[in-house]
*Asks:* 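Structure incoming, see below.
These numbers come from the heavy atoms of this one structure, side chains and all, not from hydrogens, waters or symmetry mates. Values in this document were obtained by computation on a predicted structure and should not be read as measured data. One-based numbering, in listed order, for ligands and for the atoms of each.
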Amino acid sequence: MKKLAIAVLGLAGVVSFSAQAQLKPEDAIKNRQAAMKLVGYNFGSVGAMVNDRKPYNKDEAIRNASRIDALSSQPFEFFGAGTDKGDTKAKGGCLERHGAKFTAASEKFQAEAAKLAQVARAGDMAALKAQFNATAGTCKACHDDFREK
Ligand code: HEC
């Protein structure tokens, strides 16, 4: 938990202190992958709860979903020029400073992530599961189009 908090603070620090344009491409790539990883970590936790792989805990679900919501725009600040090369699985097409299709995919995800946080607070498991699935659909849609297998 402490490590995660530090990682999140670290990301926030990077964002506030250096505009995206000043980041080296390899650092931008690392940041977006780190942000995705944190989204994935929290999303996996919600998924385990709604799919009976771990006990449902309302507070934890709220924490996870709120973090996903808070981080949902973060990865997309790091797809600027020059970040199509290097240690990345992002397909070139999404890197042209947010092609319209890529931006649309990221906005769909952000909208579902905001709903996920809302639904988690309501504490209804069936609704949470439905919203988890809706959100997962937006992850998959973007990964199918814009991420190498
Ligand atoms: C709009 C596009 C988009 C959406 C939406 C999206 N992703 Fe991603 N994701 C990517 C791209 C592109 C990469 C590859 C980044 C790279 O390698 O530079 C990625 C990488 C990842 C990674 C690997 C990070 C690493 O390198 O270790 C994880 C985990 C991940 N995404 C989880 C998720 C989850 C979970 C969701 C939804 C809750 C999600 N993503 C939504 C585009 C998206």
*Asks:* Judging by distance only, is a nitrogen or oxygen of Thr138 under 3.5 angstrom from one on ligand 1?
*Replies:*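 The answer is no, given that Thr138 and ligand 1 share no N or O pair closer than 3.5 Å.
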
*Asks:* Output yes when Arg63 and Glu60 qualify as a salt bridge under the 4.0 Å nitrogen-oxygen rule, no when they do not.
*Replies:*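 Result for this pair is no, no salt bridge flagged.
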
*Asks:* Hey, is ligand 1 close enough to Gln33 that some N/O pair sits below 3.5 Å?
*Replies:* yes

*Asks:* Indicate whether any N or O donor in one side chain lies under 3.5 Å from an N or O acceptor in the other, for Lys54 and Ser45.
*Replies:* yes

*Asks:* For atom 18 (O) of ligand 1, which of the options Thr83, Asn42, Thr88 provides the nearest non-hydrogen atom?
*Replies:* Thr88

*Asks:* With a 4.5 Å limit on heavy-atom distance, are the side chains of Gln110 and Phe76 in contact?
*Replies:*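 Yes; the side chains approach each other to less than 4.5 Å.
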
*Asks:* Mark up the atoms of ligand 1 that fall under 4.0 Å of a heavy atom belonging to Ser106, in ascending order.
*Replies:* 1 (C)

*Asks:* Tell me whether the rings of Phe132 and Phe43 are parallel (<30°), tilted (30 to 60°) or perpendicular (>60°).
*Replies:* parallel

*Asks:* Taking all atoms of both residues into account, what is the closest heavy-atom pair of Val39 and Ile68, and its distance?
*Replies:* O-CG1, 4.1 Å

*Asks:* Strictly under 2.8 Å, is atom 8 (Fe) of ligand 1 approached by any N, O or S atom of His143?
*Replies:* yes

*Asks:* About how many Å separate OG1 of Thr138 and NZ of Lys140, when rounded to the nearest 0.5 Å?
*Replies:* 12.0 Å

*Asks:* Only heavy atoms of Phe146, strictly under 4.0 Å: list the atoms of ligand 1 that pass.
*Replies:* 12 (C)

*Asks:* Which is it for Arg147 and ligand 1 at heavy atoms under 4.0 Å: side chain, backbone, both or neither?
*Replies:* side chain

*Asks:* Where is the tightest heavy-atom contact between Arg32 and Phe78, given as atom of each residue plus distance?
*Replies:*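 That would be NH1-O, 2.9 Å.
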
*Asks:* Within this structure, what is the CE-NZ distance for the pair Met49 and Lys129, rounded to the nearest 0.5 Å?
*Replies:*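 The NZ atom of Lys129 is 14.0 Å from CE of Met49, to the nearest 0.5 Å.
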
*Asks:* For ligand 1, is any non-hydrogen atom under 4.0 Å from Phe109's backbone (N, CA, C, O), its side chain (CB onward), both, or neither?
*Replies:* side chain

*Asks:* Is the contact between Arg32 and ligand 1 made by the side chain, the backbone, both, or neither, using heavy atoms and a 4.0 Å cut-off?
*Replies:*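 Contact part for Arg32 vs ligand 1: side chain (C-beta onward).
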
*Asks:* From atom 38 (C) of ligand 1, work out which of Cys139, Gly47, Ala113 has a heavy atom at the shortest distance.
*Replies:*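 Shortest heavy-atom distance from atom 38 (C) of ligand 1: Cys139.
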
*Asks:* Counting from 1, what ligand 1 atoms have a heavy atom of Cys142 closer than 4.0 Å?
*Replies:*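 Checking each atom against Cys142, I get 1 (C), 2 (C), 3 (C), 4 (C), 5 (C), 42 (C), 43 (C).
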
